[in-house]
Amino acid sequence: MAALDPLTAITDAFTSFLFGKTETTRLPVRTSTGQAQAVYLPTAAPGLGDSGVIIGREVYSGKGYIYDPFQLYGQQLPAPHWLVLGESGNGKSALEKTYVLRQLRFRDRQVVVLDAQGEDGVGEWNLIAEEMGITPIRLDPAAALDQGIRLNPLDPSITTTGQLALLRTIIEVALGHGLDERSGFALKVAHTHVTATIADRQPVLTDIVERLRHPRPESAEAMNVALDDVRAWGLDVALVLDRLVDGDLRGMFDGPTTVGIDLDAPLIVFDLSHIDRNSIAMPILMAIVGVWLEHTWIRPDRKKRIFLVEEAWHIINSPFVAQLFQRLLKFGRRLGLSFVAVVHHLSDVVDGAAAREAAAILKMASTRTIYAQKADEARATGKVLGLPRWAVEIIPTLSPGIAVWDVNGNVQVVKHLVTEAERPLVFTDRAMTETSSAPDDFDASLEADLEAEAEARALAIEQAKTSSNSTVA
């Protein structure tokens, strides 16, 4: 051991006299991260990677939370579909809107929104549509009578099989039960005759109603039954379809599809805010729009599409509409479609008439985001979705803007952040009436951090995408 110099020796002796014997200097320890992790335990689950759109920050670790179902598909997600739950006024609307705005920074993204809420005569997504130079497709019975928007269930772009399935769904939703064999036969022969005989224009629902009221003799002869029997079998079907032709929903679906609907726009908004959300009209509309999009919008062109549905319980709570959307969701894997369903209460669907269909749709949603709920609702949600106990216990205590995210078993608590540029588009009048504390729930300092992080992340993503032939706008 080397001798100490006199000054150091005197200093050590004086220190020992005052404070006792000094400890020897501890030598540094060299180890691997694999061994050190046992000493410094982690405080949060690992993130989802650094490729995609920024949602906000993970509450416990403070890390940026990045999510993108298209990037995660095949690695951490078996399906790209997403379920958003929570009481009103807790941030669901803000999350949806910022998520769409951030996704649209990628050129290979396209979004369709079914906007069932609104104020002052326009839908909740009207501001975002205006900002992007998009005109919402406003489905309004009153406007439809004055050359408004029309969607034709018998549009030639929909296959004949798809047309018949859509007609059956419309009728079954309105009746509240499935079609019996006789009514189904009457509808089938009427549809077959209309599509086979009308070639100079688009067939419309009026043609189907007319043929149901006045069936052709050959239709009866094919089944060796009386003509009056075929007419009687189709009477209830004709009465239901007549509502779309000459009832409270007339004008929206009883004519050729409106020319000029831009299905290539990055954002397509169907404004359903003029329709009574609690009437039978809403699930009928959902069915027609869903099937129409299936046959006219979804194409194998390598675009990644997002289909976001507000008030989605109108879909999941109707067995017949849910069956159609189950088929639509299957396009997620083959053609790159992510379905986003927004629901207030899971009990609205799991205890409804379509419990089996709801379970199938929920099973397809590998991502679940749960905002604040009452304790009993949180327990029911946790049981259905298989959430860990700790997550169920904190759901009732969550502040607005904070949610439990379950991404195929990776469960984290995330604070959603909104930038100053997004705030005017996100916090609409409706959101402000739901909760007056919304601006305070998104800390300004964290937003500044988010903007800086977003710029850095966008640059990194742009460089990565450029190298893989996928450009960020």
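These figures come from a predicted structure and were not determined experimentally. In what follows, residues are counted from 1 in the order of the sequence shown.
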*Mind checking whether W233 and F185 have parallel, tilted or perpendicular rings, split at 30° and 60°?*
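Taking F185 first and then W233, their aromatic rings stand perpendicular (interplane angle over 60°).
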
Flag side-chain contact, heavy atom, 4.5 Å: [X] against [Y]:
| X | Y | answer |
| --- | --- | --- |
| I55 | Y99 | yes |
| R305 | V112 | no |
| E218 | V189 | no |
| M252 | I288 | no |
| L227 | P215 | yes |
| L127 | P424 | no |
| I306 | F70 | yes |

*Verdict with supporting geometry, Q163 and T195, side-chain hydrogen bond (donor to acceptor under 3.5 Å, both in side chains)*: CA-CA 10 Å; Q163 292 176 12; T195 54; 5.9 Å; no

*Decide side chain to side chain contact (heavy atoms under 4.5 Å, CB included) for I268 and D262; before the verdict, give the C-alpha distance in whole Å, the side-chain angles of both, and the deciding distance to 0.1 Å.*
CA-CA 8 Å; I268 305 168; D262 185 8; over 6 Å; no

_Could you report the tightest heavy-atom contact between Q103 and P69, atom names first, then the distance?_
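Nearest heavy atoms, Q103 then P69: NE2-CD, 4.1 Å.
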
_Where V245 and D254 come nearest, the two heavy atoms and their spacing_ =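 Smallest heavy-atom distance, with atoms named: O-OD2, 3.1 Å.
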
*Supply the atom-to-atom distance L101 CG to T419 OG1, rounded to the nearest 0.5 angstrom.*
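L101 CG to T419 OG1: 8.5 Å, rounded to 0.5 Å.
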
*Just how far is it from atom CG of N90 to atom NE2 of H344, taken to the nearest 0.5 Å?*
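With rounding to 0.5 Å, CG (N90) is 10.5 Å from NE2 (H344).
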
*asked:* If the condition is side chain to side chain contact (heavy atoms under 4.5 Å, CB included), which residues does D228 pass it with, not counting sequence neighbours?
replied: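 For D228 the side chain to side chain contact (heavy atoms under 4.5 Å, CB included) partners, ignoring immediate neighbours, are R231.
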
Mark yes or no for whether [X], through its side chain, and [Y], through its backbone, hold a donor-acceptor pair below 3.5 Å.
| X | Y | answer |
| --- | --- | --- |
| D207 | V204 | yes |
| H81 | F339 | yes |
| D180 | S183 | yes |
| K92 | L85 | no |
| D115 | E124 | yes |
| S366 | N408 | no |
| E172 | L179 | yes |
| N152 | P203 | yes |
| T258 | R150 | yes |
| Q110 | A265 | yes |

*asked:* Run the salt bridge (Lys or Arg N to Asp or Glu O under 4.0 Å) test on D264 and R299 for me, step by step, so that the C-alpha distance in whole Å, both residues' side-chain angles and the decisive distance to 0.1 Å come before the verdict.
replied: CA-CA 11 Å; D264 293 320; R299 302 186 291 271; 2.7 Å; yes

_Checking side chain to side chain contact (heavy atoms under 4.5 Å, CB included) between I284 and each of V173, I171, V240, which is the one that passes?_
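Of the listed residues V173, I171, V240, the side chain to side chain contact (heavy atoms under 4.5 Å, CB included) partner of I284 is V173.
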
_V53, V111, I128, V269 screened by side chain to side chain contact (heavy atoms under 4.5 Å, CB included) with V100, the one that passes_ =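 Single pass found, and it is V111.
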
_Please determine whether a side-chain nitrogen of the Lys or Arg among E422 and K97 lies less than 4.0 Å from a carboxylate oxygen of the Asp or Glu._
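No, this pair does not count.
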
*In terms of side-chain geometry, is the basic nitrogen of D68 or R109 positioned less than 4.0 Å from the acidic oxygen of its partner?*
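A salt bridge is present here (some side-chain N lies under 4.0 Å from a carboxylate O).
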
*Take T367 and Y67 through the test side chain to side chain contact (heavy atoms under 4.5 Å, CB included) and record every step on the way to the result.*
CA-CA 10 Å; T367 301; Y67 171 78; 2.8 Å; yes

*Ring centres of F253 and W292 under 6.0 Å apart?*
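No: the rings miss the under 6.0 Å criterion.
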
_More than 12 heavy atoms from other groups under 6.0 Å of CZ on R302_ =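 Atom CZ in R302 is not packed in, count stays at 12 or less.
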
*Is D200 atom CG crowded by more than 12 heavy atoms from other residues, nucleotides or ligands, each under 6.0 Å away?*
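Yes, enclosed.
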
*Test side chain to side chain contact (heavy atoms under 4.5 Å, CB included) applied to L387 and I395, step by step*: CA-CA 11 Å; L387 298 176; I395 287 174; 4.0 Å; yes

*May I ask you to check whether H193 and S219 show a side-chain donor-acceptor distance below 3.5 Å?*
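H193 vs S219: no donor-acceptor pair found between side chains.
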
*asked:* Any donor-acceptor pair under 3.5 Å linking the side-chain atoms of W82 with those of S338?
replied: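 The answer is no; no qualifying pair exists.
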
